[in-house]
Novice: 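Let me begin by handing over the structure; questions about it come next.
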Amino acid sequence: MKIELSQPFFKERITIMGIGLIGGSLARALKRSNSVGKIIAYDRDEAALQRAYELGVADEIYTDPVEATKDADIIILATPITAMGKIMKEITPYLKESAVVSDVGSTKGSVLASIEAELGYLPERFVPAHPIAGTEKHGVENSFDSLFDNRRTLVIPHLENSHDAVRTIHDMWKAAGSMTEEMGVKHHDQVLAATSHIPHLLAYATVDTLANLDDRAEIFRFAAGGFRDFTRISASDPDLWADICLQNRESILEVLVAYQKKIDALRHALEDEDREVLRKIFARAKHARDNFYKEP
């Protein structure tokens with residue numbers, strides 16, 4: 001369901017843990033809407049922190065996660081998803097009682113499992129979330145304040161969540177220009193497997209396959225717009241996407257089974273020169289794309 005902004009949003013200190021494209025764009029968006037007093041940035045990469053400071057994305061920078069978060073009103077985990085559980089264990093004892101923690105990870109089941117494994121429980125003021133926005137670029141230098149405008153952010157409450165914490169995360173993302181909706185953990189991972197993780201797998205596989213052909217130089221030289229559009233996301237960070245795919249492997253494998261069946265049907269149609277089967281598959285796909293996919 002869609003959640004409306006409950007009141008004007010403002011927090012004095014918001015900490016971004018991992019100041020890259022998403023974290024940097026969130027910081028810029030909140031500054032644009034005058035919704036934050038100071039943005040605090042944490043990162044292990046000192047050069048990234050310095051760029052964030054020089055660009056005006058962050059007002060204070062830290063390589064110590066505890067120092068970065070101890071006075072924060074909201075903490076956003078924008079680190080690799082495999083690091084979130086350990087970070088939560090490290091910072092939780094030092095957070096203000098009223099602090100709300102959230103994340104921007106592309107998987108949710110694995111993030112919640114890692115946090116529960118590290119802490120022994122799920123904090124009532126940790127609210128999972130996932131902005132459905134991004135580009136193939138990374139790094140704070142590529143962040144921009146309109147990345148989330150009119151894009152959806154999924155808020156994924158767990159059973160232990162406080163209502164106030166959930167509302168805070170909805171309001172923050174709306175202040176950043178996003179539309180928010182709620183979704184269950186398992187359903188989120190299934191939907192993202194189909195709509196994001198599988199497309200990335202296919203883009204990487206397509207480019208890697210063509211790059212290993214003998215005439216690859218001519219293939220890439222004469223590639224048209226359709227090829228560039230389809231494979232654009234294969235320029236995304238390989239380490240990030242390897243982690244995402246492994247952390248959501250069960251949902252991805254379920255979708256891959258269905259995808260493989262469709263590929264087999266297309267292969268058999270080509271082998272049999274069955275134009276009607278090809279046309280029906282293409283027509284169904286066009287109908288679905290025309291009628292079900294709408295820009296937000």
Side-chain angles (χ1 to χ4, degrees), residues 15-27 41-52 55 57-58 61-65 68 75-91 102-115 117-118 128-144 147-148 154 156 188-189 191-212 220 228 230-253 255-256:
T15 297
I16 309 292
M17 307 289 283
I19 193 71
L21 171 70
I22 300 298
S25 295
L26 176 59
Y42 158 81
D43 207 293
R44 294 187 304 174
D45 185 341
E46 293 186 26
L49 286 175
Q50 192 61 38
R51 285 195 298 273
L55 290 167
V57 175
I61 54 177
Y62 297 91
T63 56
D64 182 335
I75 299 95
I76 301 298
L77 304 182
T79 63
I81 53 180
T82 53
M84 290 181 181
K86 291 182 179 179
I87 287 176
M88 280 295 292
K89 183 177 182 180
E90 188 169 359
I91 67 174
S102 187
D103 76 312
V104 296
S106 186
T107 72
K108 284 292 162 275
S110 65
V111 169
L112 287 172
S114 69
I115 291 173
E118 292 287 348
H130 181 200
I132 311 300
T135 75
E136 73 278 10
K137 298 179 181 179
H138 55 91
V140 67
E141 62 273 18
N142 291 305
S143 62
F144 53 100
L147 178 62
F148 309 109
L154 299 176
I156 323 293
H188 168 274
D189 287 355
V191 169
L192 269 294
T195 59
S196 176
H197 306 163
I198 288 289
H200 276 81
L201 279 176
L202 297 178
Y204 282 124
T206 298
V207 174
D208 189 50
T209 298
L210 298 182
N212 284 282
F220 289 117
R228 289 193 297 272
F230 174 67
T231 61
R232 174 186 59 81
I233 54 177
S234 68
S236 301
D237 183 349
D239 291 321
L240 169 71
W241 279 96
D243 285 343
I244 289 171
C245 289
L246 287 173
Q247 293 298 309
N248 199 28
R249 61 190 180 277
E250 291 183 7
S251 294
I252 291 173
L253 286 169
V255 180
L256 273 177

Novice: Under a 4.5 Å cut-off applied to non-hydrogen side-chain atoms, are I22 and P131 in contact?
Specialist: yes

Novice: Quick check: does any side chain N or O of T209 sit under 3.5 Å from a backbone N or O of A205, one acting as donor and the other as acceptor?
Specialist: yes

Novice: Looking only at atom types and distance, does a side-chain atom of D43 sit under 3.5 Å from a main-chain N or O of L49, one as donor and one as acceptor?
Specialist: no

Novice: Could you tell me whether the side chain of D243 and the main chain of T82 form a donor-acceptor pair under 3.5 Å?
Specialist: no

Novice: Is a side-chain donor or acceptor of Y42 paired with a backbone partner of L77 at a separation under 3.5 angstrom?
Specialist: no

Novice: Which atom names give the shortest non-hydrogen contact between S236 and I233, and what distance separates them?
Specialist: OG-O, 2.8 Å

Novice: Looking only at side chains, do S234 and T231 share a donor and an acceptor under 3.5 Å apart?
Specialist: no

Novice: Would you give the length of the straight line joining atom CD1 of I132 to atom OG1 of T195, rounded to the nearest 0.5 angstrom?
Specialist: 6.5 Å

Novice: How far apart are the C-alpha atoms of N248 and H197, what are their side-chain angles, what is the distance that settles it, and do they pass the side chain to side chain donor-acceptor pair (under 3.5 Å) test?
Specialist: CA-CA 8 Å; N248 199 28; H197 306 163; 3.0 Å; yes

Novice: Please examine the side chains of I76 and D103, heavy atoms only from C-beta on, and report whether any two atoms are closer than 4.5 Å.
Specialist: no

Novice: Minimum heavy-atom separation for A193 to V255, with atom names?
Specialist: CB-CG2, 4.2 Å

Novice: Please report, to 0.1 Å, the donor-acceptor pairs under 3.5 Å made by any side chain of residues 84-91, with sequence neighbours excluded.
Specialist:
none

Novice: Just how far is it from atom NZ of K137 to atom CZ of F144, taken to the nearest 0.5 Å?
Specialist: 9.0 Å

Novice: How long is the straight-line distance from OG1 of T107 back to CZ of R249, given to the nearest 0.5 Å?
Specialist: 10.5 Å

Novice: Is the shortest heavy-atom distance from the side chain of C245 to the side chain of I252 under 4.5 Å?
Specialist: yes

Novice: Are side-chain heavy atoms of M17 and I75 found at a separation under 4.5 Å?
Specialist: yes

Novice: Once rounded to the nearest 0.5 Å, what's the spacing between atom CD1 of I156 and atom NE2 of H188?
Specialist: 4.5 Å

Novice: Which heavy atom in S106 sits nearest to a heavy atom in I81, and how many Å separate them?
Specialist: N-CG2, 4.3 Å

Novice: Do you know which two heavy atoms are closest between A58 and A41, and how far apart they sit?
Specialist: CB-CB, 3.6 Å

Novice: Between T63 and R44, is any pair of side-chain heavy atoms under 4.5 Å apart?
Specialist: no

Novice: For S110 and Q247, which heavy atoms make the closest approach, and how far apart are they?
Specialist: CB-OE1, 3.0 Å

Novice: Please round to the nearest 0.5 Å and tell me the distance separating atom CD1 of I19 and atom CG of L26.
Specialist: 8.5 Å

Novice: Spell out, as yes or no, whether a donor-acceptor pair under 3.5 Å connects the side chain of S25 to the backbone of L147.
Specialist: no

Novice: Fit a plane to each ring of W241 and H200, take the angle between them on a 0 to 90° scale, and name the class: parallel (under 30°), tilted (30 to 60°) or perpendicular (over 60°).
Specialist: parallel

Novice: Just how far is it from atom OG1 of T135 to atom CZ of R232, taken to the nearest 0.5 Å?
Specialist: 7.5 Å

Novice: Nearest heavy-atom pair of D239 and D237: which atoms, and what distance?
Specialist: N-OD1, 3.0 Å

Novice: Under the 3.5 angstrom rule, does the side chain of K108 hit a backbone N or O of A129 as a donor-acceptor pair?
Specialist: yes

